[in-house]
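So that the names make sense, note that chain A is the first sequence line, chain B the second, and so on, each numbered from 1.
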There are 2 protein chains.
Amino acid sequence: MSTNDKKRVTSYDVAKEAGVSQSAVSRVFLEGRSVSKATRKKVLATANRMGYKPNAIARMLITKRSGMVAVIMSTTANLNYPEVLSLVNENLRHRNERLLLFTLDDEAGLSALLEQIWTFQVDGVIALAAHFDHQTLTQFKEHGIPVVLYNRKVSDQSANSVCCNHEHGIGLLIDLLIDHNHKNFLIVSGPSVSEVGRERRAVAVTHLEKKGFSDVPIVSGDYSYDSGRQALRQHDPVKSKTTAVICGNDAMALGVIDEARETFGLKIPEDLSVVGFDGINPANWYSYQLTTIKQPIEQMTKAAIDILIEQIEDPTSPAQLRMWSGKLIEGNSVAKAKS
Amino acid sequence: MSTNDKKRVTSYDVAKEAGVSQSAVSRVFLEGRSVSKATRKKVLATANRMGYKPNAIARMLITKRSGMVAVIMSTTANLNYPEVLSLVNENLRHRNERLLLFTLDDEAGLSALLEQIWTFQVDGVIALAAHFDHQTLTQFKEHGIPVVLYNRKVSDQSANSVCCNHEHGIGLLIDLLIDHNHKNFLIVSGPSVSEVGRERRAVAVTHLEKKGFSDVPIVSGDYSYDSGRQALRQHDPVKSKTTAVICGNDAMALGVIDEARETFGLKIPEDLSVVGFDGINPANWYSYQLTTIKQPIEQMTKAAIDILIEQIEDPTSPAQLRMWSGKLIEGNSVAKAKS
DNA sequence: TTGTAGGCGTTATCAG
DNA sequence: CTGATAACGCCTACAA
């Protein structure tokens, strides 16, 4: 009667119509099952005619594998995550997994999020910029769900992770600035809620101290362009005689550059040197040409999925950490310090 | 024995342990089912103790609702889609639906993609920047899967869609340029494979003709910053005496601006006026301050999900089109044409 | 309010 | 190679 009466056609319907058993139909739609050419042909024909599509939900129920991987992103994410997300999706597709997207805004949302994860029976989890504590990781282990952390090392090496070596990259940048004779630094750090933010800040401070620069001023942003601008406004580079700004990511670095130009009338890099981190596209645009570290996100995302699939297929395989050093991109945002 | 022997605990296990029937357990975890306070408490307690989580897959199988919405993005997407994606996800979350992400690169991938959609029993589909032809839409109708198109009107009004009124927005931009005395235009259009790209180009051409400017040169890009640069290189603005460039989106407009500055040594807007479309964040950055049309993506995404949910709950409800006019953002990329 | 029994659409296991 | 039959874990009448 009504337009949505059409019941979905099932393997049973096809079986009856084709004059074979239901299991025969099932086998036709599975890889590497033994089916004679004749029946396969017959089944395929009637299936097509009837518009039959296997029901993945029913399959999930019996095989205990959903074919879905949860990807968890922070809403306060770094600007390069859209690109990472797209690469993750691509890699998952090649491994015949689908991407179920979740976002995590604050600590409060975590438990609700986890409920979803458990009930949806995802095969695994990729954590992008999500701050999982040790307890959360333990829960995943208890539920038997493999997790790969992206750009977040866990101290005890009990979890899988892929990361970019921030220490190495920031070291390169700072050394470059020191080579250019800079002595008055400012650190514009990412937010403290971000693991990566904290780590990059700590690494910068340590490296600077090692080179003899202590008590370097720090202003925190939230990874956004606007927060970069605000950070510089908060720490007047002229009054403070700052000659070099080390930023926690590229987006803030671009904000710093624009604020320096507009509010303080400075020229980049002649009056102020600025470095970032990530290697996002806009950093390379002509109006900025930021000197930064480019993360090897293709390799990182591919490895993340490789590790995840490995863990899904063999849950006993040991946890791995894979790390890459980023590549120094010399733009045009660093110059000799004026003496 | 081995570490992954722990079977998932089911409602049966909880029932046995709590001394009630399996259906009692089921009811406890469903809204608005009649359960006595006593048993609810008892069940909840043992469920917690045993770490029971309802299995969404089994539920999907019986309720015939997966709680998942497929979102389809083109890989050649406009730069503003990451933001749109995030808003879509947020809106879905409020409606208790999960986001299953698919990307569509070329025509070839379409059939493989559709197979996935059918088998995964998604409740509905949001098509972001995906070029669905009429036949594809018909297939969705046959499968009873509601679809909402984002920024793509379908001529016969048979499909749901939310869009920004490109005609209106581009009209505003062109009128603004004409008011500033411009006479020599260049259109940097989006790719022809993109519905939006074709529409914005057609609208621009028509509007210009209506105002007495015919045979305006057109160069096509692929929506990327680099393609904007290339487009301008291909159509030397100095030789051609171009004074105003109308771009198919913001990213290309930024490329045009940078190419004008670097390669042709032009000042924006004194020597060349540039307008874009979308209202992405970088367009507003100090180094660009692009005059553009901002799409109301919050309203658009919310409406898209509202419509989708409505269709899911009542498949007989009629198709809708909702359209908004964008908002003119007057930046600093348009000036009086030099005569 | 509770329990019983049937089914959702597959895949897996076995005989044949 | 093929066909019964039993899961998978839950929801939903229906009867008590």
Can a salt bridge be assigned to the pair B:K302 and B:E90 using a cut-off of 4.0 Å between side-chain N and carboxylate O? no
Are any of A:T10's side-chain N or O atoms less than 4.0 Å away from OP1 or OP2 of C:dG9? no
Parallel under 30°, tilted from 30 to 60°, perpendicular over 60°: which one fits the rings of A:H143 and A:W118? parallel
NA contact type, B:F29, heavy-atom cut-off 4.0 Å: base, sugar-phosphate, or nothing? nothing
Any ion pair linking B:D306 and B:R95 (charged N to carboxylate O, less than 4.0 Å)? yes
Mind checking if B:V35 touches a base, just sugar-phosphate, or nothing, with heavy atoms under 4.0 Å? sugar-phosphate
The answer to which of A:R59 and B:Y12 contacts DNA chain C further toward the 5' end, by nearest nucleotide, is B:Y12
May I have the distance from B:D13 (atom CG) to D:dC8 (atom C1'), rounded to whole angstrom? 13 Å
Tell me which nucleotide among C:dT2, C:dG9, D:dT12 gets nearest to the side chain of A:L61. C:dG9
Without decimals, in angstroms, what is the distance between B:N55 CG and D:dG9 P? 7 Å
Residue-phosphate contact under 4.0 Å: A:S11 side-chain N/O, C:dG9 OP1/OP2: no
Take atom CE of A:M60 and atom P of C:dA12, then tell me their distance rounded to the nearest Å. 15 Å
B:I57 CD1 - D:dA7 P separation (whole Å): 21 Å
Check every atom of C:dT11, D:dG9, C:dG3 against the side chain of B:V20 and return the nucleotide holding the closest atom. C:dG3
What is the nucleic acid contact for B:S23, judged by heavy atoms within less than 4.0 Å: base, sugar-phosphate only, or nothing? base
Considering every strand and a 4.0 Å limit on heavy-atom distances, what is the contact class for B:L30: base, sugar-phosphate, or nothing? sugar-phosphate
OP1 or OP2 of D:dG9 sitting under 4.0 Å from any side-chain N/O of A:K64? yes
Between D:dC8 atom C1' and A:R65 atom CZ, what is the distance in whole Å? 17 Å
Side chain of A:Q121, base of D:dC8: donor and acceptor closer than 3.5 Å? no
Can you see if the side chain of A:T39 gets near the phosphate of D:dT2 - specifically, an N or O under 4.0 Å from OP1 or OP2? yes
Give the minimum heavy-atom separation between B:I57 and B:N55, together with the two atoms involved. N-OD1, 2.7 Å
Base, sugar-phosphate or nothing for B:R40? Non-hydrogen atoms, less than 4.0 Å. nothing
Using whole Å, report how far CD1 of B:I62 lies from C1' of D:dC11. 4 Å
Verify the contact: side-chain N or O of B:S34 to OP1 or OP2 of C:dT1, cut-off strictly under 4.0 Å; return yes or no. yes
Classify the nucleic acid contact of A:R33 as base, sugar-phosphate or nothing, counting any heavy atom under 4.0 Å across all strands shown. sugar-phosphate
Distance-only side-chain donor-acceptor flag, A:S23 / A:S26, under 3.5 Å: no
Parallel, tilted or perpendicular: ring planes of A:F140 versus A:F132, cut at 30 and 60 degrees: parallel
Of the listed nucleotides (C:dG9, D:dC10, C:dT11), which one gets closest to any side-chain atom of B:Q22? D:dC10
Between B:K53 and B:R27, who's closer to the 5' end of DNA chain D by nearest nucleotide? B:K53
For a quick check of understanding: with a heavy-atom distance under 4.0 Å over all strands, which category does A:S36 fall into, base, sugar-phosphate or nothing? sugar-phosphate
